[in-house]
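Accompanying notes for the structure given below.
Side-chain atoms are counted along with the backbone in the values below, which use heavy atoms only and exclude waters and symmetry mates. Sequential numbering from 1 along the given sequence is applied to the chain's residues. Counting convention: from 1, in listed order, for ligands and their atoms alike. All values derive from a computational prediction rather than experimental measurement.
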Amino acid sequence: MSKKVSIVGLGYVGLPLALLAAKKGFDVTGIDLDKNKISKINKKEDPIGDEYVAKNIRSTNLQAVDNFSEIKSCEIIIICVPTPVKDDFQPDLTLLKKAAEAVAKNLSSGSLVIIESTINPGVCDEVVIPIIEQASGLGINKDFYVSHCPERINPGDKEWSVENIPRVAGSSNAKGLELTIDFYKAILDANIMPMGSIKEAEAVKVTENSFRDVNIGFVNELAMSFTKLGIDVKNVINGAATKPFAFMAHYPSIGVGGHCIPVDPYYLIEYARGYGFEHEFLALARSINNKMPEFTVEQLSDGLNEVGLSIKGTNILVLGLSYKANVADDRESPSYKVIEILKTKGANVSTFDPYLKQKSTEPDLNSALVGKDAIILAANHKEFLGIDIAKLKIKVYVDGKNAYDKSVFAKTNIVYKGIGR
Ligand code: SAJ
C-alpha cells in the first residue's frame with residue numbers, strides 16, 4: 001500500500017514536487033486555496049506555465065483539493081508556500097504560519113511534516129514546531145517530526161529539475177531525519193545530504209542564495225566602474241571564466257528579481273540582527289543590486305544625449321516584464337523599477353512581454369517596435385533575440401542583459417549601451 005503524502009502549496013515548488021512523488025508511486029494529495037488552480041490541475045491542465053508540470057501533469061495521478069481534511073490519513077506532509085519579505089524587508093511568514101496551523105489541526109500521530117519553503121535559520125524550532133504543538137496538542141519527536149528540506153527549483157532551467165537537483169535536509173531528531181531521507185531517496189534521481197540540525201538546513205538555503213546575490217553585486221559594481229573605465233565587463237568575465245577553478249561567472253544586468261535572490265538575504269540580515277550581528281556584506285550587495293535599474297536608465301539618458309535627445313517626452317519601449325529570460329514570472333522584477341523611474345523622468349513608456357501579454361501595454365512585438373525612440377531590453381527572452389536590429393527605426397538600444405554582440409549595432413546608426421560595456 002503506497003504511502004499517503006500531502007503537498008501544501010501547489011506553485012513553482014509544490015506542484016512539480018507533487019507530480020514527482022505521484023510519479024514515483026506515492027498516493028499524493030495536493031492542497032491549495034486557489035480554487036481556479038485546483039480545477040485546472042484536476043482537469044490535467046498546467047496552471048503555472050512550468051515546463052516540468054506541462055510535461056507530467058497529463059500522465060500523473062494527482063488529486064488536488066482546497067481543504068486540509070486529507071491530512072488526517074497522511075504520513076508525510078510537505079509545506080511549499082511562499083515566504084516573501086514585507087516592504088520593510090522583514091521576513092513575511094504569514095502563509096507559512098497559516099499552513100502550519102491548518103496542517104496541525106488535521107495532524108495524526110506518527111506523521112512527518114517537511115518545510116520546503118525558504119526560511120531563515122530558527123524558523124522551524126522557534127515558529128513552526130510551537131504552532132503545530134499548540135494547534136495539534138501533539139508533542140514534537142514524541143507524536144510527530146519536523147524537517148526542513150529547502151527547495152532549489154530554478155525556474156526555466158532545462159537541465160536541472162525537481163527530479164535531479166541534489167538536496168539537503170535537517171530534522172527535529174534522528175528518526176525524523178531517517179524518514180525524511182528515505183522519502184527523498186524514493187523520489188529523487190539525485191543525492192540528499194543529511195544535515196546536523198534543522199537550523200543547518202535552513203542556513204544552507206539562505207547561504208546559497210546570498211552567495212548568488214553577493215556575486216551578482218560584485219559584477220554589477222564592476223559594471224558601474226568599467227563603464228567609466230571604458231572596459232567591456234562581459235568580455236572580462238568571459239575571460240576570467242576560462243580559469244577552470246576558483247572562478248564562477250555571474251553577469252551584471254538591469255537588476256536582480258524573482259522571489260528568491262533579492263529576498264532571502266534579508267532573512268539572514270534580519271535574523272542575525274536579532275542576535276546583535278550586522279551582515280554588512282549582504283546589505284551592501286542588496287544596495288548595489290537595488291541600484292541597477294537606476295544605472296540602466298542612466299545608460300539610456302547618456303545614449304539619448306549622444307543623439308541630442310533627453311528622456312523627457314521620448315517614446316521608450318521596455319522589452320520584458322519577467323524577472324529573467326523565458327519565464328512568465330514577474331515577482332520583484334527590476335523591469336517595474338525601470339518603468340517607474342522612466343515615468344518620473346517624463347518618458348512615454350510602452351511595454352511588451354510575450355509571457356505576460358496581459359500585463360503589457362502593447363498587443364504584440366511588431367506593433368510594439370513602431371514609433372519608438374529607444375528600447376530597453378529588460379528580459380532576454382528568446383523571442384526578442386530574433387529581432388532584426390538593422391530594421392529598427394530607433395536611436396538608442398539599452399541592452400539591460402548584455403545579450404547582444406555589440407558588433408550587430410556597429411553596422412547601424414543606433415547607439416548601443418550595455419551594462420558595463
Ligand atoms: N541574475 C543576474 N546575474 C547573474 C544571474 C542572475 O543579474 O549572473 C539575475 C537574474 O536575471 C534574475 C535574478 O538574478 O533577475 C535571479 O535569477 P536566478 O536565475 O539567479 O534565480 P531564481 O530566482 O530564478 O532561482 C534561484 C536559484 N538559486 C540559485 O541559483 C542559488 C534556484 O536554484 C533557487 O531554487 C531559487 O532561487 C529559489 O527558489 O530560491
Could you check [atom] against the protein and tell me its nearest heavy-atom contact, residue, atom and distance included?
atom	answer
atom 38 (C) of ligand 1	C260 SG, 2.7 Å
atom 39 (O) of ligand 1	E151 OE2, 2.6 Å
atom 26 (C) of ligand 1	I261 CD1, 3.8 Å
atom 12 (C) of ligand 1	Y323 O, 3.4 Å
atom 33 (O) of ligand 1	R152 O, 3.3 Å
atom 28 (N) of ligand 1	N209 OD1, 3.0 Å
atom 27 (C) of ligand 1	N154 OD1, 3.9 Å

>> Using 0.5 Å steps for rounding, measure from the CD1 atom of I254 to the OG1 atom of T296.
In response: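 With rounding to 0.5 Å, CD1 (I254) is 5.0 Å from OG1 (T296).
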Charged N to carboxylate O below 4.0 Å: is that the case for [X] and [Y]?
X	Y	value
E294	K291	no
R212	E208	no
K417	E306	yes
K343	E340	no
D373	K395	yes
R273	E270	yes

Show the atoms of ligand 1 that are less than 4.0 angstrom away from any heavy atom in [X].
X	result
H250	8 (O)
K401	11 (O)
E208	31 (C)
S253	7 (O)
Y251	2 (C), 3 (N), 4 (C), 7 (O), 8 (O)
V256	13 (C), 14 (O), 15 (O)

Test of proximity, [X] against ligand 1: N or O pairs below 3.5 Å:
X	result
R212	yes
I153	yes
K324	yes

Does ligand 1 have an atom that lies less than 4.0 angstrom from a heavy atom of [X]?
X	answer
K205	yes
S333	no
G257	yes

>> Side chains of D330 and S335: any donor to acceptor distance under 3.5 Å?
In response: no
> Any side-chain donor paired with an acceptor under 3.5 Å for N315 and N348?
Replying inline: yes
> With backbone taken as N, CA, C and O and side chain as the heavy atoms from C-beta onward, which portion of I216 lies under 4.0 Å from ligand 1: side chain, backbone, both, or neither?
Replying inline: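 I216 to ligand 1: side-chain contact only, backbone stays beyond 4.0 Å.
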> Do H250 side-chain atoms and M248 backbone N/O form a donor-acceptor pair below 3.5 Å?
Replying inline: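 Yes: the side chain of H250 pairs with the backbone of M248.
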>> Donor-acceptor check, side chain of S147 to backbone of S171, threshold 3.5 angstrom: yes or no?
In response: no
>> Applying the salt bridge (charged side-chain N to carboxylate O under 4.0 Å, His left out) criterion to K37, which one of D32, D66, D46 satisfies it?
In response: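 The residue from D32, D66, D46 that satisfies salt bridge (charged side-chain N to carboxylate O under 4.0 Å, His left out) with K37 turns out to be D32.
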